Amino acid sequence: MKVKYTLLHNDKKARYGTIATNYGTYETPMFMPVGTRATVKSLSPEELKDMNCGIILANTYHLWLRPGEDIVAHCGGLHKFMNWDGPILTDCGGFQVFSLIKNKEKDITEEGVHFKSHIDGKDMFLTPELSIQIQNKLDSDIAMSFDECPPYPVTYDYMKQSVERTLRWAARGKAVHSNENQSLFGIVQGGEFEDLREYSCKETVKMDFDGYSIGGTSVGEDKPTMYKMIEYGVKYLPEDKVRYLMGVGDPIDILEGVERGIDIFDCVLPTRIARHGQAFTRTGKINFNNAQYKEDLGPVEEGCDCYTCRNYSRAYVRHLITTDEMLGGRLLSIHNIRFLVKLVEEIREAIKNDNFDEYKKSFIEKYNSKNK
RNA sequence: GCGCCAUUGGUGAAGUGGUUAACACGCUAGUUUGUGGCACUAGUAUGCGUGAGUUCGAUUCUCACAUGACGCC
C-alpha cells in the first residue's frame with residue numbers, strides 16, 4: 001500500500017496525525033532512527049521496538065555498494081533481511097553521493113552523478129532512475145526521489161539551476177517507479193532562497209508524490225536560516241500528505257520543526273554522539289568522557305524509562321566509554337533514541353492538548369539551563 | 001670494588017650551547033544534524049636525576065654525588 005497520512009488535530013501549525021503503512025499505523029510527529037546499512041548501529045530490532053520506534057531509515061547508496069540490492073532482494077527484501085517488521089524508509093543516496101564528488105561542475109550532469117566509491121575508489125554513476133530501481137528492489141516502504149543536496153552557501157544562480165534539475169530528476173524517478181507496495185516521496189530544495197523554495201515546493205507537489213520532504217537543511221547554515229528554510233519549504237505543501245524534514249535533528253530542532261508543521265524527522269545524532277560518549281538529557285547534552293561522572297551512582301538521566309537508565313549507573317557507563325567498550329555506545333544509543341522518541345510522544349500529547357507552545361518553551365528553557 | 005651506559009611530563013620517548021622542549025598515549029574540555037571513512041578540535045613539562053663548575057647564556061659541555069641496567073673481579 002501507499003502510506004496514508006491523516007491529520008487529526010493541529011495546534012497552530014503544529015500537527016498531530018497518523019501515518020498508515022504496510023506495517024501498521026503510527027502517530028506523528030515521529031522520530032526515525034537511522035540504520036544506514038540495514039542496521040541501526042549496535043542495536044537489534046527488538047531493542048528498537050522496546051524504545052517504541054516507528055519507521056527506521058536505511059540507505060540506498062550504502063546498500064547498493066554492499067551487499068548490493070540483488071542480494072537484499074534474494075534475502076526477501078530489507079524487512080526479512082534485517083528482521084525488522086516495522087516500516088522502512090530508504091534515503092535515495094543523493095546526500096552520500098554529493099559528499100563524494102570532487103567537482104560539482106564536472107561530476108554532476110543532467111543524466112546523473114559521477115563519483116568514486118568510498119570502498120575501492122571505483123568510478124560510479126548514479127542516476128535518478130537507478131536510485132529508484134535500487135530502492136524498488138530493496139523493497140522499503142517509502143522511497144525518496146533522487147535529489148541534489150547543494151552545500152551552503154551556493155549562489156542564487158547555482159541553486160536555481162540545481163532546483164530545476166532536481167525537479168527533472170524527480171519526474172524521471174517517478175516515471176520508472178514500479179513497486180506498488182512502496183510509496184515515493186518528493187524532496188523540496190531551494191536553499192535559503194524563499195522564491196526558489198516556493199517554486200521547488202509547488203512544482204514538486206504538482207507531480208503528486210505520496211509524501212514530501214524538506215531537503216537541503218543542516219548543511220552548514222546557521223539555525224535561524226535553517227528555520228526559515230523549513231518555513232519556506234512547508235508553506236505550499238498539501239495538508240493531507242506527510243511532511244518529512246531530512247536529517248534533522250537535535251531536540252530543539254525537532255521542536256522548531258514541529259512548530260513549523262513538520263511530521264517526521266530522522267537524524268544520526270542520537271547514535272553518533274552515543275558512540276562518542278554523549279547523552280541527551282532534559283537539562284542538555286552531557287559527556288561521559290567528563291571526569292565528573294567517575295563515581296556517579298545515578299542513572300544516565302533521572303526519571304528516564306529506557307533500558308539503560310533502568311539498569312546501569314553513570315559511573316559504569318563512563319567506564320565503558322573511557323575504556324572504549326562496545327557496550328558503552330550501545331547503552332547510550334538506547335538512551336538517546338528513547339530520549340527523542342519520548343520527546344515526540346510528549347510533543348504529540350502537547351499538540352492534542354493545544355499547549356504545544358508552552359511545552360516547547362519549557363522544554364527549551366530547561367534544556368538550555370546548564371549550557372550557558 | 002672497577003669499567004661502561006643511562007637518568008627529559010602521568011607514561012613511552014625525540015631533541016638542541018641561545019626565541020614558546022618534537023611526537024604519541026593518557027588526562028582535561030569542546031564539536032558532531034538525509035552516518036563514505038568515526039572520528040575531529042583545543043588545552044595539558046616556567047622545566048630535562050641532585051649539586052657545583054665552564055660560558056654572555058647549560059636540559060645540552062666538565063666534575064662530583066645519587067639511582068638503575070649491563071660487564072669484569
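Nothing here was measured: the structure is a model prediction, and the numbers come from that model. Proteins get letters first, then strands, A, B, ... in listed order; numbering begins at 1 in each.
- Look at CG on A:Asn289: it is 17 Å from P on B:A42, rounded to the nearest Å.
- Taking the P atom of each, B:U31 and B:G37 are spaced 22 Å apart, rounded to whole Å.
- Using a 4.0 Å heavy-atom distance criterion, A:Thr271 is classed as a base contact.
- Across all strands, A:Gly216 comes closer than 4.0 Å to base atoms (heavy-atom distances).
- If you take CG of A:Asp266 and C1' of B:U33, they are 9 Å apart, rounded to a whole angstrom.
- Comparing the same atom, P, in B:U7 and in B:C48 gives a spacing of 14 Å after rounding to whole Å.
- Annotation: cation-pi pair A:Lys104/A:Phe98 absent, no NZ/CZ under 6.0 Å from the ring centroid and within 45° of its normal.
- Ring centers of A:Tyr199 and A:Phe193: at least 6.0 Å apart, outside the cut-off.
- A distance of about 46 Å separates the C1' atoms of B:U54 and B:A29, rounded to the whole Å.
- Aromatic ring pairs are classed by plane angle as parallel below 30°, tilted from 30° to 60° and perpendicular above 60°; the pair A:Tyr367 and A:Phe339 is tilted.
- A straight line from CZ of A:Arg66 to C1' of B:G37 spans 10 Å, rounded to a whole angstrom.
- With the nearest nucleotide of RNA chain B identified for both A:Asp324 and A:Phe95, A:Phe95 has the one nearer the 5' end.
- Atom-to-atom, CG of A:Asn59 to P of B:G36 comes out at 8 Å; the value is rounded to the nearest Å.
- Comparing B:A24 with B:G68, their C1' atoms sit 25 Å apart, to the nearest whole Å.
- Between B:C38, B:U33, B:G36, one nucleotide has an atom nearer to the side chain of A:Val268 than all others, and that is B:U33.
- With A:Ile132 as reference, A:His177 is the one residue of A:Arg172, A:His177, A:Lys137, A:Met144 to meet the side chain to side chain contact (heavy atoms under 4.5 Å, CB included) rule.
- Applying a 4.0 Å cut-off to non-hydrogen atoms, the residues of residues 26-36 of chain A that approach RNA chain B are A:Val34, A:Thr36, listed by residue number.
- Closest to the side chain of A:Asn290, from the set B:G30, B:U33, B:U28, is B:G30.
- B:G18 and B:A58 are spaced 10 Å apart, taking the C1' atom of each and rounding to whole Å.
- Salt-bridge annotation for A:Glu192 and A:Lys228: absent, with no side-chain N of the basic residue lying under 4.0 Å from a carboxylate O of the acidic one.
- Taking atom P on both nucleotides, B:U46 is separated from B:C38 by 38 Å, rounded to a whole Å.
- Residue A:Arg272 places none of its side-chain N or O atoms closer than 4.0 Å to OP1 or OP2 of B:C38.
- A:Gln292 places its CD atom 16 Å from the P atom of B:C27, with the value rounded to the nearest Å.
- For A:His62, the listed nucleotide lying nearest its side chain is B:G36; candidates were B:G36, B:A29, B:C38.
- Straight-line distance between the C1' atoms of B:A22 and B:U62: roughly 28 Å, to the nearest whole Å.
- Centroid-to-centroid, the aromatic rings of A:Tyr312 and A:Tyr307 come within less than 6.0 Å.
- Contacts with RNA chain B (heavy atom under 4.0 Å) in residues 241-254 of chain A: A:Met246, A:Gly247, A:Val248, A:Gly249, A:Asp250, A:Asp253, listed by number.
- Taken together, the paired segments of RNA chain B that extend over three or more consecutive Watson-Crick or G-U pairs, each closer than 3.5 Å at both contacts, are B:1-3 with B:70-72, B:5-7 with B:66-68, B:10-12 with B:23-25, B:26-31 with B:39-44, B:49-53 with B:61-65.
- Here the closest non-hydrogen pair linking A:Thr109 and A:Trp169 is O-CZ2, 3.4 Å.
- Counting only heavy atoms from C-beta on, A:Ser99 has its side chain closest to B:G36 among B:U33, B:G36, B:A29.
- Nearest to the side chain of A:Arg37, among B:U33, B:G37, B:U28, sits B:G37.
- Between A:Phe288 and A:Tyr293, the ring-plane angle classifies as tilted under the 30° and 60° cut-offs.
- Without hydrogens or angle criteria, A:Glu69 side chain to A:Leu63 main chain gives no donor-acceptor distance under 3.5 Å.
- At a threshold of 4.0 angstrom between heavy atoms, the contacts of A:Ile187 include nucleobase atoms, whether or not backbone atoms are also involved.
- Note: A:His118 and A:Tyr61 have tilted aromatic rings, judged against thresholds of 30 and 60 degrees for the angle between ring planes.
- The existence of a salt bridge linking A:Asp357 and A:Lys12 is confirmed by a sub-4.0 Å separation between a basic side-chain nitrogen and an acidic carboxylate oxygen.
- For A:Leu269 and B:A39, the CG to P distance is 17 Å, given to the nearest whole Å.
- Listed nucleotides: B:G30, B:G36, B:U33. Nearest to the side chain of A:Asn287: B:G30.
- Checking B:G36, B:U28, B:U33 against every side-chain atom of A:His118, the shortest atom distance belongs to B:G36.
- Distance, A:Lys285 NZ to B:U33 P: 10 Å, rounded to whole Å.
- Within the 3.5 Å criterion, the main-chain N or O of A:Thr127 finds no donor-acceptor partner in the side chain of A:Ser131.
- Look at CZ on A:Phe288: it is 19 Å from C1' on B:C27, rounded to the nearest Å.
- For B:A39, the base is stacked against the aromatic ring of A:His276, per a cut-off of 5.5 Å between centres and 30° between planes.
- A:Lys223 comes within 4.0 angstrom of a nucleotide base, judged by non-hydrogen atoms across all strands.
- Taking atom P on both nucleotides, B:G49 is separated from B:U59 by 10 Å, rounded to a whole Å.
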- [ ] Report the C-alpha distance between A:Phe280 and A:His335 in whole Å, list the side-chain angles of each, state the deciding distance to 0.1 Å, and finish with yes or no for ring-ring contact (aromatic ring centres under 6.0 Å, His included).
- [x] CA-CA 8 Å; A:Phe280 292 127; A:His335 172 80; 8.2 Å; no
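- In this structure, A:His9 has its ring center no closer than 6.0 Å to that of A:Tyr16.
- Base contact: A:Gln189 has a heavy atom under 4.0 Å from a base atom.
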